[in-house]
Amino acid sequence: MRKGVLSLLVAAFLPLNCSYAGQAPSPSVLDAQQGFLQRSIQQTPFSAVVRVHSISSIADDKALVWHIYRGEIITPIRGQQSGDISYAMAVEKGEEAVLPAVPVLLTLCLNENAAIPSDFYWPGTGAEFAITPELLQVAQLAGARSDQTQKAFIMCD
């Protein structure tokens, strides 16, 4: 299953991050990205368009650092509906934190680790999406169709 998810991630995101003489991604790539976004929303408890406004970092051990991102919910999709949120991302020491210049669509997991000062955590690749009208529509439909009583989420530990 992991190999299939990894293949989908590569197919869905690599072409969108690479520019080939200004060409738009093919319809099949866009379909793959939309499908992955839909599954990400169904398999995480929180999704929203968020404007990230600050980042701090804390050392976890000799090899890892937690970047703690703080932002404001602009458009709720699933889970918390308004206000400020924080989410943690584990990275290798020396890896820079990047503050998104524009709002992004996030899919996140609930943080239950009291040692990490954040509401949510980043489940990995495919948790952040650029905002396009098509992806926002897919996200809103997926959020509306999600089981609000769901307790287990495949993308969360």
Side-chain angles (χ1 to χ4, degrees), residues 1-55 66-91 95-112 116 118-157:
M1 167 116 172
R2 282 250 186 239
K3 186 176 180 183
V5 170
L6 181 57
S7 297
L8 181 59
L9 285 173
V10 170
F13 296 103
L14 183 59
L16 291 176
N17 292 327
C18 298
S19 175
Y20 302 107
Q23 294 177 337
S26 70
S28 63
V29 170
L30 292 175
D31 287 346
Q33 186 184 37
Q34 290 174 357
F36 188 74
L37 172 60
Q38 181 178 4
R39 284 185 296 284
S40 294
I41 289 170
Q42 293 168 344
Q43 296 171 5
T44 58
F46 174 82
S47 305
V49 174
V50 174
R51 178 179 295 114
V52 180
H53 54 69
S54 65
I55 306 170
W66 287 95
H67 292 314
I68 311 298
Y69 293 76
R70 288 182 172 63
E72 173 190 3
I73 296 171
I74 297 171
T75 305
I77 305 292
R78 183 175 191 183
Q80 183 177 332
Q81 296 296 299
S82 63
D84 288 341
I85 65 158
S86 60
Y87 63 96
M89 179 188 305
V91 299
E95 192 172 327
E96 293 291 322
V98 178
L99 185 68
V102 296
V104 291
L105 201 162
L106 298 172
T107 60
L108 302 170
C109 299
L110 290 173
N111 177 32
E112 296 177 355
I116 308 300
S118 68
D119 306 313
F120 302 96
Y121 71 89
W122 176 274
T125 302
E128 180 179 305
F129 300 83
I131 301 168
T132 66
E134 296 83 8
L135 288 181
L136 187 57
Q137 181 179 19
V138 166
Q140 289 172 324
L141 286 171
R145 293 179 181 157
S146 294
D147 177 1
Q148 300 305 311
T149 63
Q150 181 178 354
K151 300 291 183 211
F153 298 94
I154 293 170
M155 291 186 159
C156 303
D157 294 334

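This one's a predicted model, so the numbers in the text were calculated from it and none came from an experiment.
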So how far is it from I55 CD1 to Y87 OH, rounded to the nearest 0.5 Å? 7.5 Å

In this structure, OG1 of T107 is separated from CD of Q43 (nearest 0.5 Å) by 9.5 Å

Atom CG of L105 and atom OG1 of T75: how far apart are they, to the nearest 0.5 Å? 8.5 Å

Classify the angle between the aromatic ring planes of F129 and F36 as parallel (below 30°), tilted (30 to 60°) or perpendicular (above 60°). tilted

Is it the case that over 12 heavy atoms from other parts of the model lie below 6.0 angstrom from the CD atom of Q81? yes

Contact summary for P123 and C109, nearest pair of heavy atoms: CB-SG, 3.6 Å

Side-chain contact test, heavy atoms from C-beta onward, threshold under 4.5 Å: evaluate it for I73 versus S82 and give yes or no. no

Heavy-atom side-chain contact between R39 and I154 under 4.5 Å: no

N/O donor-acceptor pair under 3.5 Å between N111 side chain and A88 backbone: no

Could you go through T44 and F120, starting from their C-alpha distance and side-chain angles, then the distance that decides it, and tell me whether this counts as side chain to side chain contact (heavy atoms under 4.5 Å, CB included)? CA-CA 10 Å; T44 58; F120 302 96; over 6 Å; no

Kindly list each side-chain donor-acceptor pair under 3.5 angstrom involving residues 130-146, sequence neighbours excluded, with atom names and distances?
{"residue": "T132", "atom": "OG1", "partner": "L135", "partner atom": "N", "Å": "3.0"}
{"residue": "S146", "atom": "OG", "partner": "A142", "partner atom": "O", "Å": "2.6"}

Kindly give the heavy-atom pair with the smallest separation between R78 and F153, and that separation in Å. NH2-CE2, 3.6 Å

Where V52 and P100 come nearest, the two heavy atoms and their spacing: CB-CD, 3.9 Å

Check whether any side-chain heavy atom of W122 sits under 4.5 Å from a side-chain heavy atom of E128, and report yes or no. yes

Sequence neighbours excluded, the answer for ring-ring contact (aromatic ring centres under 6.0 Å, His included) partners of Y121 is none

Side-chain (R51) to main-chain (I74) donor-acceptor, under 3.5 angstrom: no

CG-OG distance between L110 and S118, expressed to the nearest 0.5 angstrom: 10.0 Å

Could you measure the distance from the OH atom of Y69 to the CG atom of L99? Nearest 0.5 Å is fine. 8.0 Å

Side chains of V91 and H67 in contact at under 4.5 Å (non-hydrogen atoms): yes

Quick check on Q148: does its CD atom have over 12 non-hydrogen neighbours (other residues, nucleotides or ligands) under 6.0 Å away? yes

Rounding to 0.5 Å, atoms OG (S40) and CD1 (I77) come to a distance of 12.5 Å

